[in-house]
Amino acid sequence: MDASHRSADTAMDFEGVRIAGKPDQSRWNIHCENGLVGTLTEHESTNDSQADPRLLCPSLCHPHIHLDKCFLLSHPRYADLEIQKGDFQEALSLTNEAKSRFTHEDLMERGRALIEESIGFGVTHMRAFVEVDAVVQLKCLDAGVALKEEFKQRCYVQICVFAQDPIFSYDDKGIQMQGLLRQAVDRPGVEAFGSTPYVEKSKENQSRNIQWTLELALERQLHVDFHMDYNLDPKTDVYTLLALKAAKTLEWPKDRCSKQFRTIVFGHCTRLSLFTKAQWQSLRQEIADLPVSFVGLPTSDIFMMGRPDKEAGGSERVRGTLQVVQMIGEYGLNAAMGINNVGNAFTPQGSCDPLALACLGVGIYQAGTKAEAEILLQCVSTRAKSAIGLGSPDLELQAGQSADFVVFGNATSTESFRRRNSTKDLVYDAGHERVTVFRGRKVSQ
Ligand SMILES: [Zn+2]
């Protein structure tokens, strides 16, 4: 047990730690009590040996993760479902086959592994997508709600009922989908509802999907989360704009302080990466004060997109992903980054570590400066939490906040130039020495 724990359940103190988002040379004393940051004061001592050499940053958040279809590629139950081609169609059919075999125990085992590994990396909050459709019915939701309860002392799991299948594009199944989804969103513990308009078979049904999803979310007071505009075709309509118009017409609540406040999230949205500056500005105007956030899913986007046909001989491998750092910096939008899938045919590669995603962001967004590192850290912590309706996007740790953070480094380690001292150290290469604190208690194993 580390020395800073006075009493694991009631209080936790740090003396002279560094804090991400504060000036590099400053050191801080923090006292946490009853799950909150009680006091936060600057550490005055000039004697460095008395200061705690560790670095604190806000805890991490998955704004978008599929709890039910994780680790299909490593679980023996699905060993026969190997990737042969690696394209979207195959991912869909392998995953559909896997879904037909889901059992409660299996969903619990894989979901538990995902949450446990995430906590180990510093995650204390997540929006977990659970699918509802004619095949799995409410099985994934049952497991999701059970896992939310199982982990409630260690991680906040926000359940998002998710329609991966069309809601309108086939007759009898469509009607069944609507009934199942209505049943699902009424389950205690469900806080968000999401759909995938682009799987509908016509433009008209895409629009109906969007309208129906927004109406149901509004009626049941749920956050709404769309998998949207997942293409790189300049000729396609931009459904994000259509959804914004529909939200406005429905008078979606905007007041952050009201009890009805819920957020609207758009994930993927690779089509928007083709926007001109004028189109971005007009999108910004269209959003106005609606509580909209975008979630970039770069690990999935770059794996799934831009597969050339054989004739092209390896060229024409165009890929795109939301340019989240620029969206924040230039257009004042809220954007975050999500892992989306872990260990399945949609995204075979990568771990549950949101900082690995921030690290990828340095390369993919060509965002290497100190200021950009701060934004990238926000994208996997405070901005991600804000997207799912929790708190402000600022990195700033303040007294009165929930004591949710990650402690990097070792309290007893000696001075080394490789010690992580700043936000950019974490984003370039976070290292593995981490302790996760949720509501003032150490929660990682
Ligand atoms: Zn997704």
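All ligand and atom numbering here is 1-based and tracks the order in the structure. Only this structure's heavy atoms are used, side chains among them; waters, hydrogens and symmetry mates stay out. Quick caveat, the model's predicted, so the values are computed rather than measured.
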Discussion item. I'd like to know if the side chain of R101 reaches the main chain of R77, judged simply by a donor and an acceptor atom lying under 3.5 Å from each other, with no hydrogens or angles considered.
Written reply: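 A pair under 3.5 Å: yes.
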Discussion item. With no hydrogens and no angle check, just 3.5 Å: does a side-chain donor-acceptor pair link N231 and T236?
Written reply: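 There is such a pair (donor and acceptor under 3.5 Å, judged by atom type) between the side chains of N231 and T236.
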Discussion item. Whether R110 engages the ring of F102 as a cation-pi pair (distance to the six-membered ring centre under 6.0 angstrom, angle to the ring normal within 45°) should be assessed.
Written reply: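 Yes - R110 lies over the ring of F102, closer than 6.0 Å to its centre and within 45° of its axis.
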Discussion item. How wide is the angle at the Zn ion (ligand 1) spanned by H64 NE2 and H227 NE2, rounded to 10 degrees?
Written reply: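 Between NE2 of H64 and NE2 of H227, the angle at the Zn ion (ligand 1) is about 90°.
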Worksheet item: With a cut-off of 2.8 Å, does any N, O or S atom of N340 fall short of it relative to the Zn ion (ligand 1)?
Response: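 Under 2.8 Å: N340 contacts the Zn ion (ligand 1) through an N, O or S atom.
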Worksheet item: Should H62 and F121 be marked as a ring-ring contact (aromatic ring centres under 6.0 Å, His included) after you check the CA-CA gap, both sets of side-chain angles, and the distance that decides it?
Response: CA-CA 11 Å; H62 294 313; F121 285 118; 8.9 Å; no
Worksheet entry | Closest H66 atom to the Zn ion (ligand 1) [N, O or S only] |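 The Zn ion (ligand 1) is closest to the H66 atom NE2, counting only N, O or S.
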